[in-house]
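Report on the following structure.
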Amino acid sequence: MQEQCDACSNRADDRSHSADLFLDESNPHSGATWQGLLTVNEYVSPDPALTWSLYVPGWPDGNSSADVMIDWIPLEGTSWRGMEGAQVECTEAEAPISAYIYDGCHYAFDYVHIQVLRQVGTTARFAIELADCDEIISFELADGTVLETDRPLYATVDARFDGIRMQLDADRELAEFTDTSGLAYNAVSGLYEPVDTGTTACGSKMGL
């Protein structure tokens, strides 16, 4: 694990409060995105595999200075449309999931649990648990106060599906690895993007 940087150490001296972040499905964090990556992760397997990434800006209130990034998520599913119910747990950093909070400093987590609670079109609702960070997590919220905690972090986020990026030899096809219905290649972004983009957030479709 990386050592705590000077900025983080200094910020702890100006602590305003300490708190846990609790999962709250009635008030999910919005503005997150998720996408797939089809490539070879040599640290995991020599074979190509489709994994997922989740990006949550402004954790936990949508306006803070901290972003959550979770990569190499091996959620099982035959299609990007059918992720509901999929879940995975990782108890060691980068084995294979890499999860961290970035606020000028990296706070890396050994333990990650992710579950797709539900999905409507291109929007999926994720329940996230991050734990076992070697440092005290400290970052500034939108109102200027500083949140500091050394306990597990929990949250529910609604994330928009951006598409699937393929990083393999040119002779391979995405359809060899996953259902490509509803996707079209965008040469500008380099993503196989969803073509049915008229879906609104989970809450508005699910009566939450």
Under 3.5 Å donor-acceptor, Glu148 side chain and Ser138 backbone: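 No, because the side chain of Glu148 does not come within donor-acceptor range (under 3.5 Å) of the backbone of Ser138.
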
[atom1] of [X] to [atom2] of [Y]: how many Å apart, nearest 0.5 Å?
{"X": "Leu130", "Y": "His113", "atom1": "CG", "atom2": "NE2", "value": "11.5 Å"}
{"X": "Glu42", "Y": "Thr39", "atom1": "CD", "atom2": "OG1", "value": "9.0 Å"}
{"X": "Asp110", "Y": "Thr91", "atom1": "CG", "atom2": "OG1", "value": "8.5 Å"}
{"X": "Ser53", "Y": "Ile73", "atom1": "OG", "atom2": "CD1", "value": "6.5 Å"}
{"X": "Leu147", "Y": "Leu153", "atom1": "CG", "atom2": "CG", "value": "8.0 Å"}
{"X": "Leu183", "Y": "Arg81", "atom1": "CG", "atom2": "CZ", "value": "7.5 Å"}

State yes or no: do [X] and [Y] share one hydrophobic cluster built from I, L, V, M, F, W and Y residues joined by side-chain heavy-atom distances below 4.5 Å, directly or via other members?
{"X": "Leu50", "Y": "Val40", "result": "yes"}
{"X": "Val88", "Y": "Val56", "result": "yes"}
{"X": "Met83", "Y": "Phe177", "result": "yes"}
{"X": "Ile101", "Y": "Ile114", "result": "yes"}

Compare all side-chain heavy atoms of [X] with those of [Y] and state whether any distance is below 4.5 angstrom.
{"X": "Val157", "Y": "Val68", "answer": "no"}
{"X": "Ile164", "Y": "Trp52", "answer": "yes"}
{"X": "Leu117", "Y": "Thr156", "answer": "yes"}
{"X": "Arg125", "Y": "Asp158", "answer": "yes"}
{"X": "Leu38", "Y": "Thr178", "answer": "no"}

Heavy-atom neighbours of Glu94 CD exceed 12 at 6.0 Å: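 No.
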
Heavy atoms of other groups near Glu76 CD, more than 12 under 6.0 Å: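 Not buried by this count: 12 neighbours or fewer within 6.0 Å.
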
Would you name the heavy atoms of [X] and [Y] that are closest together and state the gap between them?
{"X": "Leu75", "Y": "Phe126", "value": "CD1-CE2, 4.2 Å"}
{"X": "Pro57", "Y": "Ala32", "value": "CD-CA, 4.0 Å"}
{"X": "Glu135", "Y": "His106", "value": "OE1-O, 3.9 Å"}
{"X": "Phe109", "Y": "Tyr100", "value": "CD1-CA, 4.0 Å"}
{"X": "Ser79", "Y": "Asp179", "value": "OG-OD2, 3.5 Å"}
{"X": "Thr51", "Y": "Pro74", "value": "CG2-CA, 4.4 Å"}

Option passing side chain to side chain donor-acceptor pair (under 3.5 Å) with Tyr55 (candidates Thr33, Asp67, Asp162, Asp71):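 Testing Tyr55 for a side chain to side chain donor-acceptor pair (under 3.5 Å) against Thr33, Asp67, Asp162, Asp71 leaves exactly one candidate, Asp67.
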
Matching residue for Trp34 among Thr123, Ile70, Leu54 - test: side chain to side chain contact (heavy atoms under 4.5 Å, CB included):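 When Thr123, Ile70, Leu54 are each tested with Trp34, the side chain to side chain contact (heavy atoms under 4.5 Å, CB included) holds only for Leu54.
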
Centroid separation Tyr185 to Tyr192 less than 6.0 Å: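 When the ring centroids of Tyr185 and Tyr192 are compared, they turn out to be within the sub-6.0 Å range.
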
Aromatic ring pairing Phe161/Trp80, orientation class (parallel under 30°, perpendicular over 60°, tilted between):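 Because their plane-to-plane angle is under 30°, the rings of Phe161 and Trp80 count as parallel.
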
